[in-house]
Protein chains: 2
Amino acid sequence: MTIGLTNRQRAVLDFIKDEIVRRGYPPSFREIASNFGIKSTNGVKVHLDALEKKGYINRDPGLARGIELTPLAGAEDASIIRNIRKVPIVGRIAAGVPILAEENLDGYLAVDTTFVQADGVFALVVTGDSMKDAGIFHGDYVLGKPASQYFPGDIVAAIIGDEATVKRYYPEGDRVRLEPANPAFGPIIVEKDLDDFRVAGKIVAVMRKM
Amino acid sequence: MTIGLTNRQRAVLDFIKDEIVRRGYPPSFREIASNFGIKSTNGVKVHLDALEKKGYINRDPGLARGIELTPLAGAEDASIIRNIRKVPIVGRIAAGVPILAEENLDGYLAVDTTFVQADGVFALVVTGDSMKDAGIFHGDYVLGKPASQYFPGDIVAAIIGDEATVKRYYPEGDRVRLEPANPAFGPIIVEKDLDDFRVAGKIVAVMRKM
DNA sequence: TAATATACTGTGCTTATGTTCACTTGTCAA
DNA sequence: TTGACAAGTGAACATAAGCACAGTATATTA
């Protein structure tokens with residue numbers, strides 16, 4: 001029952017989230033009121049009632065600052081309120097299903113928002129050293145961000161069959177050349193509109209555990 | 001000035017953290033009191049004053065539930081958020097002070113616990129490409145973990161003067177050779193017990209934003 | 001065109017919450 | 001054995017904060 005919020009309600013919700021991030025606890029009615037230039041605490045109460053009714057917050061009536069964010073509000077598990085995103089880790093890719101399908105899921109990686117801002121970002125574990133010279137090693141996590149367009153030279157995660165591979169992307173007519181960053185390996189050349197082939201995202205971050 | 005806490009103070013601090021996790025906002029004086037069987041709010045106030053004086057919390061006087069946890073409180077023990085650690089980012093290093101001193105602090109990086117388990121881990125931003133062949137580039141974050149002993153070949157964060165540098169560690173008698181991973185650079189050789197020199201930690205992770 | 005929802009103002013009230021002060025008790029180090 | 005510190009009790013107090021109710025205005029929907 002995801003009921004949409006009005007602009008005003010969303011602004012109030014965002015303010016509450018920001019305050020929780022900034023100070024570690026929710027704002028009071030009067031703090032919300034003064035932030036929005038509202039002169040009556042009742043004006044705020046109406047908003048909070050609406051947010052609660054629509055499932056974005058839970059309140060503990062009577063309690064000072066007794067506002068809890070629900071997952072709907074974007075508090076996946078209180079993570080988002082601390083500059084954190086949970087990025088799905090994509091494991092073995094099942095044929096035909098979208099990359100973020102549950103079948104492919106292999107847990108989550110918590111990532112600081114300095115590394116990811118957008119939604120839809122996924123993580124995968126690199127196999128092989130074909131991107132060694134680009135500083136991407138066997139066993140590294142890479143974060144991939146789906147894009148509407150990829151440019152020559154972009155490092156991308158490409159799906160070929162049920163395998164994900166990380167390479168530099170070079171479109172060549174109706175083919176694509178996937179170029180490794182390691183002289184020991186040669187390029188992979190695939191038909192652009194092969195059913196089996198797609199580019200899942202551009203690599204936006206690398207994380208290595210040593 | 002990391003002053004130790006008494007058992008009771010630690011218990012109170014833990015309770016505050018638990019409540020923040022559980023409900024999303026800090027407890028009131030009376031909630032703390034009733035949890036510990038304390039009958040006077042003043043009993044609680046003394047604890048909070050002590051926690052504040054010792055740097056584990058910050059309070060906004062007069063405000064209901066105006067308790068903020070400081071990094072000190074979070075670093076003590078499991079982070080308030082599951083699976084996540086907040087790692088202090090070390091910037092320019094002031095002479096003479098410990099690496100984690102406030103003067104050096106440049107914010108925090110949230111990191112999944114798959115990358116860090118221990119306390120005391122710090123992050124710093126790499127300058128220069130001297131570790132390029134080890135897959136550590138200019139601008140990368142590295143996570144350093146202080147150790148009691150370092151072994152030949154370890155990649156470490158070393159402090160020389162007020163500069164941090166990342167290199168491979170090779171002890172040689174009462175000198176240390178800091179070896180880059182880039183043929184364009186030569187090694188740095190320093191006296192082991194120079195005042196100006198110390199090894200701050202072993203590099204346990206690398207994170208790159210592209 | 002009546003009903004409903006949003007978005008408020010203004011006032012008064014209740015209570016949840018933090019503060020202050022005086023005093024007690026036990027422990028531990030100088 | 002004095003003094004400092006931790007850890008309280010108890011009561012009075014001030015105020016921060018939530019709630020209720022009576023209105024007003026506008027827009028949208030049935």
Side-chain angles (χ1 to χ4, degrees), chain A residues 1-20 22-69 72-73, chain B residues 1-20 22-69 73 76:
Chain A
M1 186 186 70
T2 309
I3 313 175
L5 295 179
T6 66
N7 290 340
R8 198 61 163 167
Q9 287 164 1
R10 173 148 304 283
V12 170
L13 182 61
D14 286 344
F15 176 68
I16 293 169
K17 284 204 279 190
D18 288 348
E19 284 295 284
I20 292 175
R22 196 171 64 82
R23 302 204 294 177
Y25 50 85
S28 68
F29 281 36
R30 282 168 184 82
E31 284 165 2
I32 297 171
S34 96
N35 182 262
F36 289 98
I38 298 173
K39 284 169 191 155
S40 168
T41 55
N42 190 47
V44 175
K45 187 172 177 13
V46 173
H47 285 309
L48 296 192
D49 287 346
L51 287 172
E52 182 160 35
K53 198 176 115 204
K54 294 181 180 180
Y56 288 79
I57 61 173
N58 284 320
R59 296 201 53 231
D60 296 316
L63 289 200
R65 305 173 190 275
I67 302 173
E68 289 178 57
L69 299 179
L72 240 188
Chain B
M1 188 186 67
T2 308
I3 313 175
L5 296 179
T6 66
N7 290 339
R8 197 61 163 168
Q9 287 165 2
R10 170 153 307 286
V12 171
L13 181 61
D14 287 343
F15 175 68
I16 293 169
K17 285 203 281 190
D18 289 347
E19 284 296 285
I20 292 175
R22 197 171 64 81
R23 302 203 294 177
Y25 51 85
S28 68
F29 280 39
R30 282 168 184 82
E31 286 165 359
I32 297 171
S34 95
N35 181 262
F36 289 97
I38 297 173
K39 283 168 193 157
S40 168
T41 55
N42 189 49
V44 174
K45 187 170 182 4
V46 173
H47 285 309
L48 297 192
D49 287 346
L51 287 172
E52 182 160 35
K53 199 176 116 206
K54 294 181 179 179
Y56 288 78
I57 61 173
N58 284 319
R59 297 202 50 233
D60 296 317
L63 289 200
R65 303 171 191 275
I67 302 174
E68 290 177 55
L69 298 179
E76 270 298 302

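A quick note: this is a predicted structure, and the numbers were derived from the prediction, not measured. The chains referred to below are lettered A, B, ... by the order of the sequence lines, with proteins before strands, and numbering in each begins at 1.
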What's A:Ser40 touching, base or sugar-phosphate or nothing? Going by heavy atoms closer than 4.0 Å. base
Quick test of your reading of the model: are B:Glu31 and B:Arg23 salt-bridged, counting only N-O distances below 4.0 Å? yes
Take atom CG of B:Asp49 and atom P of C:dT19, then tell me their distance rounded to the nearest Å. 8 Å
Over all strands shown, is B:Gly62 touching base, sugar-phosphate only, or nothing at heavy-atom distances under 4.0 angstrom? sugar-phosphate
Starting at the 5' end of DNA chain D and moving along, which residue's nearest nucleotide shows up first, B:Asn7 or A:Arg30? B:Asn7
Counting side-chain heavy atoms from C-beta on, which of C:dA16, C:dT19, C:dT9 comes nearest to B:Arg59? C:dT19
Please report the distance, rounded to the nearest Å, between NZ in A:Lys53 and P in C:dA7. 12 Å
Return whichever of A:Ala50 or A:Asn42 has its heavy-atom-nearest nucleotide of DNA chain C closer to the 5' end. A:Ala50
Could you tell me how far apart A:Gln9 (CD) and C:dA7 (C1') are, to the nearest whole angstrom? 10 Å
Check the pair B:Lys54, B:Leu13 against side chain to side chain contact (heavy atoms under 4.5 Å, CB included), reporting the backbone distance first and the verdict last. CA-CA 12 Å; B:Lys54 294 181 179 179; B:Leu13 181 61; over 6 Å; no
Quick note, A:Lys39 side chain, CB onward, closest among C:dT20, C:dT6, C:dT9 is C:dT9
B:Glu52 and B:Ile67: CA distance, side-chain angles, deciding distance, side chain to side chain contact (heavy atoms under 4.5 Å, CB included) verdict: CA-CA 9 Å; B:Glu52 182 160 35; B:Ile67 302 174; over 6 Å; no
For B:Thr6, report the nucleic acid contact type (base, sugar-phosphate, nothing); a contact means any heavy atom under 4.0 Å. sugar-phosphate
Sorted by position of nearest nucleotide on DNA chain D, 5' first, the leading residue of A:Ala64 and B:Phe36 is B:Phe36
For the residue pair A:Tyr56 and A:Arg10, establish whether any side-chain heavy-atom pair is separated by less than 4.5 Å. yes
Rounding to an integer number of Å, can you tell me how far A:Lys45 NZ sits from C:dT6 P? 14 Å
Rounded distance (nearest 0.5 Å) linking atom NE2 of B:His47 with atom CD1 of B:Ile32: 9.5 Å
Does any non-hydrogen side-chain atom of A:Val12 lie less than 4.5 Å from one of A:Val44? no
Would you call A:Lys45 and A:Asp49 a salt bridge, taking side-chain N to carboxylate O under 4.0 Å as the test? yes
Using whole Å, what does the distance between atom P of nucleotide C:dG10 and atom CZ of A:Phe29 come to? 19 Å
Start and end of the DNA chain D segment that chain A contacts, any atom under 4.0 Å from a heavy atom: D:dA17 to D:dA22
Any idea which of C:dC21, C:dA16, C:dT9 is nearest the A:Leu63 side chain? C:dA16
Measuring from the side chain of A:His47 (C-beta onward, heavy atoms only), which nucleotide among C:dT6, C:dT19, C:dA7 has the closest atom? C:dA7
Rounded to the nearest Å, what distance is computed from the CD atom of residue B:Glu31 to the P atom of nucleotide C:dA16? 11 Å
Spell out yes or no: do the side chain of B:Thr41 and the base of C:dT19 have one donor N/O and one acceptor N/O closer than 3.5 Å? yes
Measure the shortest side-chain to side-chain distance between A:Ile16 and A:Glu19 over non-hydrogen atoms and say whether it is less than 4.5 angstrom. no
Output the rounded distance in Å from CG (A:Asn35) to P (C:dC8). 12 Å
Whole-Å distance separating the CG atom of B:Leu48 from the C1' atom of C:dT17: 12 Å
